[in-house]
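Taking it in order: structure first as structure tokens, then the write-up.
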Amino acid sequence: MVHDGAETCQPIQLDDAPALLPPSTDELSNRAAGVSNSTTSDDGNASHKTLIGHIAGSKTDLAVSVLRLLQRYEPLTEEALRRFIISSSRQEDVDVEAVLVRLEHASMILRGHESHGGVSYANYRLTMKGTMALHQMVEEQDGATTTG
């Protein structure tokens, strides 16, 4: 133990090591029955098969809208994205900030800062990963409409 540069010896007593016995076959089968494989569950929704669907979850449509706007008009601020989406979807309570956080965390968009006339603001740009994920989503939607 070291305190203020002075070393002090402290004797400690450790407990005996626990006995590590492998679980029985019955116990393993009981555990396996309680585990479900999330990759095999399919709800029929093509958006959950895509990277954007995996990242955005129930807000996949909003994430796709954000990525499409950034692809067309980048760079855009959060407020500009919110206004574009509200004007096109007629919804007042879109959670653009949450989608931006998810997309940024997944490296699909990059946050940048610009300064014009002494005013600094954050904006977002689409990354190559975001472009490819958007392309995958479009292909999945096209494949779903031709087969469905």
Side-chain angles (χ1 to χ4, degrees), residues 1-3 10 12 14-148:
M1 195 163 95
V2 177
H3 182 64
Q10 288 288 85
I12 58 170
L14 299 176
D15 292 335
D16 293 334
L20 298 176
L21 300 174
S24 67
T25 307
D26 292 336
E27 188 178 342
L28 286 175
S29 62
N30 288 338
R31 286 185 194 174
V35 176
S36 66
N37 190 354
S38 63
T39 58
T40 59
S41 65
D42 186 17
D43 59 359
N45 191 350
S47 67
H48 292 295
K49 296 178 186 176
T50 63
L51 182 58
I52 296 173
H54 179 71
I55 290 166
S58 64
K59 298 185 186 300
T60 300
D61 293 337
L62 182 58
V64 169
S65 298
V66 166
L67 292 174
R68 283 187 175 148
L69 285 168
L70 288 173
Q71 186 178 37
R72 190 166 196 178
Y73 301 111
E74 76 176 17
L76 288 173
T77 63
E78 180 183 334
E79 186 60 28
L81 287 164
R82 180 179 287 109
R83 288 183 184 186
F84 268 120
I85 292 170
I86 287 172
S87 68
S88 65
S89 67
R90 307 280 189 254
Q91 295 177 356
E92 291 295 322
D93 59 339
V94 290
D95 194 4
V96 175
E97 183 180 3
V99 170
L100 288 173
V101 168
R102 287 181 181 183
L103 293 174
E104 185 179 8
H105 184 69
S107 300
M108 290 188 186
I109 61 174
L110 284 176
R111 182 191 312 233
H113 295 279
E114 289 187 22
S115 182
H116 294 286
V119 177
S120 179
Y121 58 92
N123 57 26
Y124 295 90
R125 294 181 186 270
L126 192 60
T127 63
M128 182 59 77
K129 183 177 180 181
T131 303
M132 298 308 292
L134 188 58
H135 183 68
Q136 177 195 26
M137 186 73 179
V138 170
E139 283 181 350
E140 279 290 326
Q141 288 175 343
D142 289 345
T145 56
T146 58
T147 59

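Below, all heavy atoms of this structure are taken into account, side chains as well, without hydrogens, waters or symmetry copies.
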Checklist entry - Around Glu97, counting heavy atoms of other residues, nucleotides and ligands shown, do more than 12 lie under 6.0 Å from its CD? => result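 Result for CD/Glu97: open.
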
Checklist entry - If you look only at pairs with a residue in residues 63-96, which of them pass as a ring pair (Phe, Tyr, Trp, His ring centres under 6.0 Å), with sequence neighbours excluded? => result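 Every ring pair (Phe, Tyr, Trp, His ring centres under 6.0 Å) pair that includes a residue of residues 63-96, provided the two are not neighbours, is Tyr73-Phe84.
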
Is any side-chain heavy atom of [Y] closer than 4.5 Å to one of [X]?
X	Y	value
Leu100	Tyr124	yes
Gln136	Met132	no
Leu76	Asn123	no
Leu51	Ile55	yes
Leu81	Leu70	yes
Thr60	Met137	yes

Next on the checklist: Distance check, rounded to the nearest 0.5 Å: Ile109 atom CD1 versus Leu67 atom CG?
Outcome noted: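 Rounded to the nearest 0.5 Å, the CD1-CG separation comes out at 7.0 Å.
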
Checklist entry - Between OG of Ser58 and CG of Asp61, what distance do you get to the nearest 0.5 Å? => result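 CG of Asp61 is found 9.5 Å from OG of Ser58.
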
Next on the checklist: Can you pull out every salt bridge (Lys or Arg N to Asp or Glu O under 4.0 Å) where at least one residue sits in residues 65-78? Sequence neighbours excluded, please.
Outcome noted: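 Pairs touching residues 65-78 that pass the test: Glu78-Arg82.
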
Item to check | Residue pairs fulfilling salt bridge (Lys or Arg N to Asp or Glu O under 4.0 Å) with at least one residue in residues 108-134, sequence neighbours excluded | outcome: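 Salt bridge (Lys or Arg N to Asp or Glu O under 4.0 Å) check on residues 108-134 returns Glu104-Arg111, Glu114-Arg125.
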
For [X], check side chain to side chain contact (heavy atoms under 4.5 Å, CB included) against everything at least two apart and list the hits.
X	result
Ser24	Asp26, Glu27
Ala63	Ile52, Ala56, Val99, Leu103
Ala98	Asp95

Item to check | Qualifying residues under ring-ring contact (aromatic ring centres under 6.0 Å, His included), relative to His105, sequence neighbours excluded | outcome: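 Not a single residue meets the ring-ring contact (aromatic ring centres under 6.0 Å, His included) criterion with His105.
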
Item to check | Sidechain-backbone polar pair: Thr127 side chain, Met108 backbone, donor-acceptor under 3.5 Å | outcome: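 Here the side-chain-to-backbone pair exists.
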
Checklist entry - Does any N or O in the side chain of Ser120 come within less than 3.5 Å of the main-chain N or O of Ser115, such that one atom is a donor and the other an acceptor? => result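 Side chain of Ser120 to backbone of Ser115: no pair is present.
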
